[in-house]
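Heavy-atom basis, side chains included; hydrogens, waters and symmetry copies ignored. Keep in mind the model is a prediction, meaning the values are calculated, not measured. Lettering of chains follows the sequences in order, A, B, ..., and the numbering in each one begins at 1.
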Amino acid sequence: MLTIPFLRDFKEEALKRLNLKNFTNHSLIDEILGLDDERRLVQKENDDTLAAMNQIAKEVGSLFKIGKAQEANVLKEKNAELKEKSRILAEKLELLKEQIQVRLVEIPNAPHLSVPAGRTAADNLIVASSGQMPQLPANALPHWDLISKYDLVDFELGNKVTGAGFPFYKGKGARLQRALINFFLDQAIAAGYQEVQPPLLVNEASAYGTGQLPDKEAQMYTVGLDNLYLIPTAEVPVTNIYRDRILQENELPVKNVAYSNCFRREAGSWGKHVRGLNRLHQFDKVEIVQIAHPDTSYEVLEEMRAHVAQLLDRLELPYRVVKLCGGDMSFASALTYDFEVYSAAQQMWLEVSSVSNFEGFQANRMKLRIKDKNGQIQQAHTLNGSALALPRIVAALLENNQTEEGINIPQVLHQYTGFEKI
RNA sequence: GGAGAGAUGGCAGAGUGGUUGAAUGCGGCGGUCUCGAAAACCGUUGUUCUACUAUCGUGGAACCGGGGGUUCGAAUCCCCCUCUCUCCGCCA
């Protein structure tokens with residue numbers, strides 16, 4: 001979340017940036033600042049009361065020590081009054097803090113000033129594109145047909161065992177997935193990321209820390225009995241490693257990569273754009289996460305973007321990079337690049353990666369900070385990106401590389417798949 | 001799941017009602033010494049909120065797993081929760 005000092009001291013900038021996300025509830029911010037002014041007054045009064053009480057308690061102690069019990073008893077009564085006063089003030093203070101908090105979490109992250117204004121995906125900015133658009137014959141098959149033709153993924157079986165959106169991968173389909181996972185992990189490790197294997201279930205504090213709670217609760221599967229959430233992305237556990245931590249500046253940048261299953265309820269999604277592998281309730285993803293100094297986080301973002309681009313280049317997939325407009329960005333992000341690959345048989349661009357800088361938005365929530373070389377505490381910036389999400393990559397690979405003789409596997413994967421053709 | 005023990009600062013570890021934000025050691029930082037380093041010695045060493053201050057800073061409040069209670073006063077006493085360890089059971 002945004003901090004009150006930012007909203008107070010850089011109000012004009014905050015409003016300008018929030019406008020990019022079509023957040024125009026300026027009165028909410030005024031309300032927060034008003035409540036905070038009140039909070040400071042009440043806190044000051046309570047602190048003064050407590051200080052007086054502490055003073056009296058000390059005096060009572062020394063009076064008893066020298067045997068002046070009567071004088072001590074007078075002071076004790078005085079303290080009883082102060083205690084009641086402080087109790088009321090403390091209650092008021094808690095209430096104010098709560099009111100501030102409730103309002104603060106409703107404010108999305110302020111986008112970077114370079115973010116294009118806009119409301120929908122149509123307003124996004126294509127900032128790069130790369131790769132050869134495949135020329136497929138007229139009878140080319142979409143990946144869901146290729147999947148049945150070569151028996152790579154079994155949706156029916158998933159329906160039976162679990163439900164829609166939980167497919168089984170079989171034979172070469174399973175092997176291809178495993179190959180991609182290993183390829184992505186190896187590439188990230190080569191780029192300096194440390195591999196971690198995170199838990200797939202997280203607690204409430206973690207879901208809150210990265211911003212899934214409170215507003216995106218419906219997106220996650222819950223384990224009610226134990227009050228846990230299935231992760232929608234490895235970003236959640238991996239970023240929360242650093243919750244409640246103060247990192248030394250020389251520990252930066254922190255670079256972690258994790259492969260995980262991801263679970264998303266995707267409530268309200270249906271229709272042919274979710275066919276086949278386009279949208280699933282459970283899927284695999286390799287995620288890169290960095291924690292960076294505020295001065296360099298946008299360089300880090302570009303570095304991550306380049307990493308993702310390079311993966312797609314090696315997979316020989318045509319793609320474009322989209323800078324999301326304010327209206328299409330997530331609540332928590334300050335700047336997001338989406339990577340879309342062209343799935344030639346569907347003739348659709350499929351989002352396979354989202355690379356974002358959250359600036360201090362997540363860090364504030366999870367109390368992650370940096371101590372710089374002067375001993376000053378400051379905000380940390382968190383970033384993450386898919387590198388990459390598997391199902392749509394598989395879809396594009398199958399569709400784009402289909403031939404009369406079978407499906408060609410890109411060269412970089414041969415050593416991982418053990419076969420060159422399906 | 002059953003029984004017991006415990007949770008203190010970056011780490012180790014004292015502290016069982018009164019200047020204790022907390023002894024001591026280690027680590028970290030600064031200095032003396034040295035050509036330099038080590039050793040030794042000296043000093044320093046958390047976080048959050050807040051008032052005053054141009055700044056350095058000074059003062060106040062809170063924090064000894066989390067929450068509540070007793071008391072003039074709680075790291076210290078009481079209650080609840082969470083977690084960790086040991087033993088037993090179960091088990092990939």
So what does [X] touch, heavy atoms closer than 4.0 Å: a base, only the sugar-phosphate, or nothing?
X	result
Lys367(A)	nothing
Leu50(A)	sugar-phosphate
Lys371(A)	sugar-phosphate
Asn54(A)	sugar-phosphate
Asn79(A)	sugar-phosphate

If [N] has a Watson-Crick or G-U wobble mate with both distances under 3.5 Å, name it; if not, just say none.
N	result
rG27(B)	rU45(B)
rC91(B)	none
rU55(B)	none
rA39(B)	none
rC85(B)	rG4(B)
rA75(B)	none
rU16(B)	none

Practice item. Test salt bridge (Lys or Arg N to Asp or Glu O under 4.0 Å) on Asp244(A) and Lys367(A) and set out the steps. Key: CA-CA 5 Å; Asp244(A) 290 321; Lys367(A) 298 194 173 69; 5.1 Å; no
Using the [atom1] atom as the reference point in each nucleotide, state the distance between [N] and [M] in Å, no decimals.
N	M	atom1	answer
rG68(B)	rG31(B)	C1'	48 Å
rA12(B)	rC85(B)	P	14 Å
rA38(B)	rU32(B)	C1'	15 Å
rA74(B)	rA22(B)	C1'	13 Å
rU16(B)	rA75(B)	P	13 Å
rU71(B)	rC78(B)	C1'	12 Å
rG6(B)	rG66(B)	C1'	16 Å
rG4(B)	rA92(B)	P	29 Å

Can you give me every donor-acceptor pair (side chain of residues 8-15 of chain A, partner residue at least two apart or in another chain, under 3.5 Å) with its distance?
unit_1	atom_1	unit_2	atom_2	d
Arg8(A)	NH2	Asp36(A)	OD2	3.0
Lys11(A)	NZ	Asp30(A)	OD1	2.5
Glu13(A)	OE2	Arg17(A)	NH1	3.0

Check your understanding: Earliest and latest nucleotide of RNA chain B, 5' to 3', sitting under 4.0 Å from a non-hydrogen atom of chain A?
Key ->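 Taking any atom under 4.0 Å from a heavy atom of chain A, the span is rG18(B) to rG73(B).
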Check your understanding: Taking the nucleotide of RNA chain B with the closest heavy atom to each, which residue, Met53(A) or Lys58(A), is nearer the 5' end?
Key ->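 Its nucleotide being nearer the 5' end, the pick is Lys58(A).
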Point to revise | Residue whose nearest RNA chain B nucleotide is more 5′ - Asp48(A) or Ile377(A) | key: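 This one resolves to Ile377(A).
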Exercise for review: Assess the side chains of Asn364(A) and Thr3(A): does a donor N or O sit below 3.5 Å from an acceptor N or O?
Suggested key: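 Side chains of Asn364(A) and Thr3(A): no pair found under 3.5 Å.
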Review point. Would you call Lys44(A) and Asp48(A) a salt bridge, using N to O less than 4.0 angstrom?
Key: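 Between Asp48(A) and Lys44(A) there is a salt bridge, with a charged N closer than 4.0 Å to a carboxylate O.
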Point to revise | Carboxylate-amine/guanidinium contact Glu302(A) Arg305(A), below 4.0 Å | key: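 Between Arg305(A) and Glu302(A) there is a salt bridge, with a charged N closer than 4.0 Å to a carboxylate O.
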Review point. Can the ring centres of Tyr298(A) and His112(A) be said to be less than 6.0 Å apart?
Key: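 Ring-ring flag for Tyr298(A)/His112(A): true, centres closer than 6.0 Å.
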Exercise for review: Give me the ring orientation class for Tyr193(A) and His307(A): parallel if the planes are under 30° apart, tilted from 30 to 60°, perpendicular past 60°.
Suggested key: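 It falls in the tilted class, 30° to 60°.
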Exercise for review: Please round to the nearest 0.5 Å and tell me the distance separating atom OH of Tyr221(A) and atom CZ of Arg265(A).
Suggested key: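 Nearest 0.5 Å value for the OH-CZ distance: 7.0 Å.
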